[in-house]
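Letters A, B, ... mirror the listed sequences (proteins, then strands); counts begin at 1. All heavy atoms count here, side chains included; hydrogens, waters and symmetry mates do not. In this text the structure is predicted, and so the values were computed from the model without any measurement.
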Amino acid sequence: MTETYDFDRIQQRWLPVWDELTPFRSGDPTDARPKKYILDMFPYPSGDLHMGHAEAYALGDVLARYWVQRGFNVLHPIGWDAFGLPAENAAIRNGIDPMTWTYANIEQQKASMRRYACSFDWDRVLNTCDPEFYHWNQWFFLQMFNRGLAYRKASNVNWCPECQTVLANEQVVAGACERCDSLVTKKKLTQWYLRITDYADRLLDDMAELEGKWPEKVLLMQRNWIGRSTGAQVTFDIADYPEPVNVYTTRPDTLYGATFFVVAADSPLAADLARGTSAEAALSDYADAVKKTSDIDRLSTDRPKSGVFLERYAINPVNGERLPVWASDYVLADYGTGAIMGVPAHDQRDLDFARAFGLPVRAVVESEEDPAQTGVATGDDGAHINSGPLDGLNKVEAIAKIIEILGERGTGEEAVNYRLRDWLISRQRYWGTPIPIIHCPQCGEVPVPENELPVRLPPADGLDLSPKGASPLGAAVEWASVACPQCGGAARRDPDTMDTFVDSSWYFLRYLDPHKTDGPFDPAQAREWMPVDQYVGGVTHAILHLLYSRFFVKVLLDMGMVDFAEPFTRMLNQGMVVMDGSAMSKSRGNLVRLSDELAENGVDAIRLSMVFAGPPEDDVDWADVSTAGAKKFLARAWRLSGDVTSAPGTDQGGGDLALRKITHRAVNDMQIAVESLRFNVAVAKTMELVNATRKAIDTGCGGDDPAVREATEAVAIALSLVAPYTAEDMWARLGHTPSVARAGWPIVLPDLLVEDSVTCVVQVAGKVRERLDVPPTITEEELRALVLSNPAVLAALDGAEIRTVIVRAPKLVNIVPA
RNA sequence: GCGGGUGUGGCGGAAUUGGCAGACGCGCAGGAUUUAGGAUCCUGUGUCCUUUGGACGUGAGGGUUCAAGUCCCUCCACCCGCACCA
């Protein structure tokens with residue numbers, strides 16, 4: 001028999017068979033198997049699949065296929081995150097309708113994914129750009145609007161001059177647009193926001209239930225992003241000014257050390273304070289300059305402090321001192337109250353500012369160094385001084401005391417603050433979900449009635465999509481002009497579209513019933529399937545997408561539509577595929593084309609390479625990967641199936657015991673490895689089993705021994721998680737009917753996990769001197785006696801006195817000489 | 001600057017609870033079979049020493065322990081996140 005492993009033939013043979021069998025369909029209501037939801041992050045349809053997809057979907061597929069083998073009804077869906085700028089940019093560049101471009105790419109990716117043999121349930125595919133999907137974005141928006149969670153406000157927002165749109169805080173990376181890397185500036189605009197800050201505490205506190213199940217790194221990033229801090233709000237009167245001004249501070253205990261007062265230069269408060277004073281013009285110039293400064297300049301930490309004295313004085317509520325009021329850009333308008341008390345001795349930024357403008361420095365916490373001299377603010381704990389009633393107290397005591405004092409006088413209270421800002425969702429672009437609001441000159445913001453949803457996008461044909469700072473939808477006059485649902489008068493649709501992160505905030509629920517027409521999802525199905533048991537995706541979404549999804553689910557919980565607080569029970573962040581240490585890109589010239597690799601070595605070899613390369617969360621360097629080696633191994637495994645000569649269904653009871661033990665041990669170890677997400681180790685165990693089986697056939701019990709069939713079948717089933725084509729072909733050659741994907745995981749017999757002899761390591765003074773084969777059941781006393789009479793051990797001891805003998809039966813004995 | 005993570009052969013990486021370091025693979029070397037081989041199979045492959053055999057060895061240094069890649073302390077290197085958040 002000179003058959004050879006031909007991946008091409010195998011791929012062509014089995015793909016149509018699977019289409020017929022649909023082994024991964026999950027929607028049968030009579031299906032009695034227990035349920036599991038394995039979710040891969042859905043792709044953006046920008047061209048064909050690439051190496052990154054190949055890795056991510058290979059990893060997710062191992063889990064999905066494993067749980068199917070373990071007898072679960074696994075929901076493993078896929079869809080397309082199909083709204084977004086690239087479609088629009090391609091449209092502008094090439095004159096193609098974004099819709100045409102998007103659907104063409106989806107079809108291409110879908111075909112590639114099928115060939116890549118991902119175990120998706122193809123009945124559940126969704127595209128976020130379908131009106132059937134974005135209908136429910138609009139519905140959610142209205143629910144939030146009705147609950148006061150969606151609102152419009154004017155604010156200085158992040159503006160990308162290149163994309164000509166606003167960006168969420170989360171989309172600004174180091175002062176630049178995450179998409180095009182242009183420097184982001186500020187622009188005052190009225191925009192829609194979702195009130196995620198209302199959920200800050202729950203987003204933070206509910207992370208306790210994710211501890212140990214999500215990567216610690218992601219939890220930490222989310223914690224930092226939310227940035228909860230506790231301190232106090234302190235009320236300062238301003239001399240000759242009608243309104244008092246609050247400041248937020250985490251160090252209210254240093255209130256006696258305040259020597260000045262600062263408000264954010266670009267805040268309305270600053271303008272108000274300066275109005276009518278001789279500082280008005282200076283502030284206006286300064287504020288203009290600040291707005292022009294890009295974030296990247298603002299962020300450079302060694303930038304000298306700047307500011308304008310507003311010719312006003314704030315009154316320190318605890319000692320009546322008059323503090324000069326300044327405006328500066330080092331105070332942020334949208335954090336806390338946009339105003340601070342300046343305590344230069346104990347805050348570095350305040351100290352830098354004080355030194356720049358010759359303001360006094362007064363230490364109120366004892367320390368050896370004097371900040372006024374060193375230029376280094378002291379933040380350490382210590383006894384308070386110059387602080388009236390706080391003198392002698394440490395930090396914790398002083399904070400408690402000052403909050404008590406402020407409370408009694410009604411000039412302050414304990415307060416919590418967050419770094420998290422509300423989620424800005426308006427986008428001035430075409431290819432997204434229209435915001436279902438109608439602006440009526442009489443009635444104001446009027447929601448589109450639910451029965452008129454979805455508000456469909458007008459055809460792109462005839463619209464100018466090029467970025468110009470205003471939404472293209474506003475120019476679709478016919479579309480935008482509507483009658484106000486309340487008064488019937490002439491009104492206009494909101495011309496903006498939603499951030500595409502709205503789509504991904506709940507798409508995992510839509511999969512449960514993707515064709516539902518009378519609601520976003522079926523709550524009954526959600527009770528069955530949710531939360532997602534295992535989510536697999538890139539760490540690039542560690543903050544944005546995961547935070548927003550968690551927020552949405554908490555809103556849904558409050559709406560009574562779901563009964564859980566966290567959408568994703570477990571999270572796996574796969575690494576990236578890199579080449580020679582850096583990200584693959586055409587411009588770098590280190591791009592490895594997936595299609596080339598697939599043609600060269602086949603789907604299974606690529607999938608195997610990805611899974612075997614290392615731990616799933618680590619980056620895979622393609623330079624370290626041998627797809628040819630993977631193909632060689634698959635051929636080696638496949639050849640086993642041709643050497644099995646016993647009939648299918650042969651009783652394995654009488655098979656070669658040694659091989660049977662190896663098989664059961666291997667299956668047991670693979671199981672543990674897969675369940676702890678160490679897929680590379682699972683593959684290694686499969687390789688060991690293949691090697692042992694080959695040896696048994698060639699030089700051991702021979703190909704007709706039932707144990708060889710048992711081992712080879714175990715190999716086929718194990719490989720079905722990673723190399724489905726090879727596995728299916730092996731399964732057929734072993735005389736079975738397809739599909740191996742539903743063959744069931746081999747049952748591990750505990751009896752066969754027991755070794756009949758173990759190697760006992762004998763150490764003398766911690767060094768290995770002898771190995772003994774002993775029965776696993778040997779007692780400590782027996783082992784001690786055996787070892788102490790062993791000639792080699794006695795020789796190693798060389799007559800030395802024995803101090804102690806540590807016996808860990810059956811595996812180890814350590815003799816400690818005196 | 002603050003916070004977090006990671007350091008194991010030439011390379012990717014293994015190693016329940018502290019208990020044989022280097023599983024599995026890549027690469028490399030030698031051999032078998034071949035007209036040939038980028039096919040297949042076998043053997044070897046941490047470093048050093050003169051061998052049977054031994055010594056050393058998990059970023060560096062110290063500690064705990066009969067026993068440390070694993071636990072503790074100090075340091076170094078690299079990677080990631082945040083970055084005027086009061």
Roughly how far apart, to the nearest Å, are U65(B) and U70(B) at atom C1'? 13 Å

ring-ring contact (aromatic ring centres under 6.0 Å, His included) partner of Phe357(A), the single match among Phe260(A), Trp326(A), Tyr330(A): Trp326(A)

Could you check G9(B) for me: syn (within 90° of 0) or anti? syn

List every contact pair, protein side and nucleotides 54-57 of chain B side both N or O, where the distance is under 3.5 Å.
unit_1 : atom_1 : unit_2    : atom_2 : d
A55(B) : OP1    : Arg769(A) : NH2    : 3.4

Chi angles and distances behind the side chain to side chain contact (heavy atoms under 4.5 Å, CB included) call for Val245(A), Thr337(A): CA-CA 8 Å; Val245(A) 176; Thr337(A) 61; 5.6 Å; no

Starting at atom CD of Gln222(A), determine the distance to atom C1' of C82(B), rounded to an integer number of angstrom. 14 Å

Between atom NZ in Lys631(A) and atom P in C26(B), what is the gap in whole Å? 14 Å

Just so I know, are the side chains of Met571(A) and Pro215(A) near enough to count as touching, which here means a heavy-atom distance under 4.5 Å? yes

The criterion is salt bridge (charged side-chain N to carboxylate O under 4.0 Å, His left out); which residues satisfy it with Asp698(A), sequence neighbours excluded? Arg694(A)

Can you confirm whether Leu59(A) sits close enough to Met610(A) that some side-chain heavy atom of one is under 4.5 Å from a side-chain heavy atom of the other? no

What is the separation between atom CE on Met576(A) and atom C1' on C79(B), rounded to the nearest whole Å? 11 Å

Within this structure, what is the CD-to-P distance between Glu688(A) and A14(B), rounded to whole angstrom? 14 Å

Tightest non-hydrogen contact, residues Asn417(A) and Tyr248(A), listed as ND2-CG, 3.0 Å

For residues 210-229 of chain A, the salt bridge (charged side-chain N to carboxylate O under 4.0 Å, His left out) pairs (sequence neighbours left out) are Asp201(A)-Arg228(A), Asp205(A)-Arg228(A), Glu211(A)-Arg223(A), Glu216(A)-Arg223(A)

Which residues pass the side-chain hydrogen bond (donor to acceptor under 3.5 Å, both in side chains) test with Thr259(A), not counting sequence neighbours? none

Would one find a side-chain N or O of Tyr335(A) under 4.0 angstrom from OP1 or OP2 of A86(B)? yes

Whole-Å gap separating C1' (G1(B)) and OH (Tyr330(A)): 17 Å

P gap between C24(B) and A14(B), integer Å: 14 Å

Could you tell me the separation between the CG atom of Leu689(A) and the C1' atom of A23(B), rounded to a whole number of Å? 15 Å

First encountered from the 5' end of RNA chain B, between Lys811(A) and Tyr248(A): Lys811(A)

P atom, C82(B) versus A67(B): distance in rounded Å? 45 Å

Please determine, for the side chain of Asp329(A), which listed nucleotide (C82(B), C24(B), C84(B)) has the closest atom? C84(B)

In dot-bracket, 5' to 3', how would RNA chain B read with Watson-Crick or G-U wobble pairs under 3.5 Å, [ ] for crossing ones and | for pairs to another strand? (((((((..(((......[....)))((((((.......))))))((((...))))..(((((..]....))))))))))))....

Anything under 3.5 Å between a protein N or O and an N or O of nucleotides 32-42 of chain B, put it in a table, one pair a line.
unit_1 : atom_1 : unit_2    : atom_2 : d
C41(B) : OP1    : Arg636(A) : NH1    : 3.0

In whole angstrom, give the distance that lies between atom CG of Leu608(A) and atom C1' of C26(B). 13 Å

Sequence neighbours excluded, the answer for salt bridge (charged side-chain N to carboxylate O under 4.0 Å, His left out) partners of Asp347(A) is Arg349(A)

With P as the reference atom in both, quote the distance from G7(B) to A60(B) in angstrom, rounded to an integer. 13 Å

Give me the distance, rounded to whole Å, that separates C76(B) from U40(B) when you measure between the P atoms they each carry. 50 Å

When the P atoms of A15(B) and C66(B) are compared, how many Å lie between them, rounded to an integer? 28 Å

Answer with yes or no whether Lys305(A) presents, from its side chain, a donor or acceptor under 3.5 Å of a partner atom in the base of C84(B). yes

Residues 611-624 of chain A vs side chain to side chain donor-acceptor pair (under 3.5 Å), sequence neighbours excluded, gives none

For residues 245-263 of chain A, pull every pair meeting salt bridge (charged side-chain N to carboxylate O under 4.0 Å, His left out), keeping only residues two or more places apart or in separate chains. Arg251(A)-Asp253(A)

Taking any heavy-atom pair under 4.0 Å as a contact, classify Ser229(A): base, sugar-phosphate, or nothing. sugar-phosphate

Examine C20(B): is either OP1 or OP2 under 4.0 Å from a nitrogen or oxygen in the side chain of Thr759(A)? Give yes or no. no

For Glu414(A), is the CD atom crowded, meaning more than 12 foreign heavy atoms sit under 6.0 Å from it? no

Picking from A14(B), C82(B), A86(B), which would you name as closest to the side chain of Val681(A)? A14(B)

Between the protein and nucleotides 4-13 of chain B, are there any N/O to N/O pairs under 3.5 Å, and if so, what are the atom names and distances?
unit_1 : atom_1 : unit_2    : atom_2 : d
C11(B) : O2'    : Asp624(A) : OD1    : 3.4
G12(B) : O2'    : Ala613(A) : O      : 2.5
G13(B) : O3'    : Asn680(A) : ND2    : 3.4

For G37(B) versus A32(B), give the span between their P atoms, rounded off to a whole number of Å. 12 Å

Check the phosphate of G25(B) against Asn691(A), side-chain N and O only, distance under 4.0 Å to OP1 or OP2. Yes or no? yes

Quick one: is Arg678(A) getting a side-chain N or O under 4.0 Å of the A15(B) phosphate, OP1 or OP2? yes

Atom pairs and distances, donor-acceptor, side-chain atoms in residues 806-818 of chain A, under 3.5 Å, two or more places apart:
unit_1    : atom_1 : unit_2    : atom_2 : d
Asn814(A) : OD1    : Gly766(A) : N      : 3.2

Assign each of Arg771(A) and Met341(A) to its nearest nucleotide of RNA chain B by heavy atoms, then name whichever residue's nucleotide is nearer the 5' end. Arg771(A)

Nearest-Å distance for atom pair CG/P, residues Asp253(A) and A86(B): 14 Å

So if I apply the side chain to side chain contact (heavy atoms under 4.5 Å, CB included) rule between Lys305(A) and each of Leu351(A), Asp350(A), Val262(A), Asp352(A), which one comes out positive? Asp352(A)

Minimum heavy-atom separation for Ala270(A) to Val263(A), with atom names? CB-CG2, 3.8 Å

Using a 3.5 Å distance criterion without hydrogens, assess whether the side chain of Thr686(A) forms a donor-acceptor pair with backbone atoms of Ala682(A). yes

Set out, line by line, the N/O atom pairs under 3.5 Å between protein and nucleotides 63-69 of chain B.
unit_1 : atom_1 : unit_2    : atom_2 : d
C66(B) : O2'    : Asn814(A) : ND2    : 3.3
C66(B) : O2     : Asn814(A) : ND2    : 2.7

Between A36(B) and A55(B), how far apart are the P atoms? Round to whole Å, please. 48 Å

